[in-house]
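Everything quoted here is computed from the prediction, not taken from an experiment. In each ligand, atom 1 is the first atom listed, and ligand 1 is the first ligand listed.
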Amino acid sequence: MRLHRFALLGMMLGLSGAALAAGTTVDADSLHPGWLDTHASPAQSFYQFANGGWQKSHPIPAAYSTWGTFNILQVRNETIIRQLIQDAAKAHAPDGSAAQKVGDFYASGMDEQLIDRLGIGPLSPELDGIAGIRNLSDLQREVAQLQMIGVDAMFGIGEMQDFKDSSRVIGVAGQGGIGLPDRDYYLKQDPKFKQIRAEYVAHLTRTFQLLGDGRQLAAREAGIVMTIETGLAKASMSRVQQRDPRAIYHVMTLVQLDRATPNFSWSEYFREIGYPQITSINLAMPEFFGALGKDLRSVPLEQWKIYLRWRLIDAFAPYLSKPFVDENFRMQSAVTGAQKLLPRWQRVVNAEDDALGFAVGKLYVEKEFPPSSKAQVLEILHGIRAALKGDLATLPWMTPTTRKAALVKLDLMGERIGYPDKWRDYSTLRIDRGPYVLNVMRANEFEQKRELNKVGKPVDHDEWFMTPQEVNAYYDPSMNNINFPAGILQPPFFDPKAPAAVNYGAVGWVMGHEMTHGFDDQGAQFDGHGNLKNWWTPEDAKRFHAATSCISNQFSGYTVDGDLHVQGKLVTGEETADLGGMMLAWRAFHASSAYKSAKIVDGFTPDQQFFLGAAHVWANNIRPAEARRRVTIDPHAPALYRVNGTLANLPQFQEAFQVPAGSPMVSAHRCVIW
Ligand SMILES: [Zn+2]
């Protein structure tokens, strides 16, 4: 709930990041004539026209489930980061320094011989702990310990800014404890989801065999895990339900928490995780905890122990010996369609990015983000802010009361470019040359504690929730700020040498998108200080709701992998941001001094360059299994529809490419945000 990102990156099932495809670079010529499919008509599918050539010449590498501009930038970053890490590893930095940790983490991850020799050994203390469970209170204690080292066992614990008092940080517990990407994978009767369930049970069976259990026993254990996880999935809220902030906000005292969770003692739990001072949290999904509490007694203890063994292995398999890594990948492959494991160095760089992301990020920005970039980017950003201000001031349907509050919210919206002013302190995290999996485990624990340490303390307004190297951007409704890491401020998003039209269409769209999140169907429920508080008059709220419903209806009509429909209600916020953001970027471009001197390039008018710049952000190919996974879990629409669905609502686009009425690139019911 916390962040509204521009794109879904970090993957489930431990799959993250990208691999090096030979010879793939982002073209220097910023209009990318080679990306076009000039046989396609912009009026039929602008996406095909803008990216059809790219799609043809960029098949998905075997190790990937999707391949696009984001992946190519990630691979570029991974290559840079590997060099930085290797330099750190060679420097023999003083013990305990950030450079020592950065270097040693990588060295431990690359030490394949040691990793393979140790096998499951490093997890013995945890496996012994699980085997020693004799009663419900042992079970609860073990779950608490596993959660602290990063195991998704039963449910999740963390922190959040209090929705209703954004000056406070409170604890939050939410649904979790399942190995497939979403409840739909357990519950949908569609044959493709059934197929993945069958593969999952086979994967569970093989994993228990790797732990030394006989085939028959392993198959029985797999069935037990599947039953427990299906129960948790059934009790879970859908992603659409979770988009309502009021539906996931239930701050409770210890007495209320215990009442909501039968057979579980929250005061003991907080002591077990090391935070006895916590006496109230947001129990985000009370029904889930009600069902889990009942299961605690109705499911036999021996079965819970089998489940916990699985959750432990599922969390750490990617960092163990080859048989575990391969088995883990087999399941990822079934879910995403990727055919080959990434090279080890890339997997280690990605794990290190999770573990020590800001230590790596500090090295990254010193090398990759010149101060001159910041000034140019700010000029575009301020143009977009002015466009939004102009819209809010003049929207004909908005009443004066709502208008005033909206303008206050925009004035209070913070903006941050590049990287944090204050770097994260890793001094209490111990990293050494191995075993690798223990470095990962300690990094997980460090992060879990770092988060829980915030509970009850004032909000740290300097904190960033994305590393500088991440190719993404976000809006945070509780902070009411927009954030653009250095990673996204490079071509094809931002290119100091590109025509201004292209930069406005690409990075300008990203900026307008994040700013519009402050006013999408969720963002509009938070005020300028980040509090969940209604600042709309009833008639304005009704009109605004009609505008966002138009978007959810439009996107519900789109499908992937044959017949799977986009969940219009899941993507409402993101597609509102896409439409609003595109409109703002277009207006900012037209109001800029650069527009006055803009020229025709390669036969394209400045307006045409703007829309090509926008579409090129989403040049992408995707495997059917991955398309299915994303439609199930991702609040963003697929790339094709982010471009075509958004532009079909824009008369400015239709004018730029002379799209006739009645074409697929003209919405029958035009949606309007700004
Ligand atoms: Zn977004």
* Salt bridge flag under 4.0 Å for residues Lys389 and Asp411 -> yes

* Phe657 vs Phe653 aromatic rings, parallel, tilted or perpendicular, using cut-offs 30° and 60°? -> tilted

* So, Tyr641 versus Tyr47, ring centres under 6.0 angstrom or not? -> no

* **From CA spacing to verdict: side chain to side chain contact (heavy atoms under 4.5 Å, CB included), Glu574, His517** => CA-CA 8 Å; Glu574 293 301 335; His517 270 313; 3.0 Å; yes

* Step by step, would you call Asn620 with Thr66 a side chain to side chain donor-acceptor pair (under 3.5 Å)? -> CA-CA 7 Å; Asn620 184 58; Thr66 173; 2.9 Å; yes

* Of Val510, Leu381, Asp476, Thr516, which meets side-chain contact (heavy atoms from CB on, under 4.5 Å) against Ile482? -> Leu381

* To do: Run through the protein N/O/S atoms less than 2.8 Å from the Zn ion (ligand 1) and write them out by chain and number.
  => Arg5 O, His513 NE2, His517 NE2, Glu574 OE1

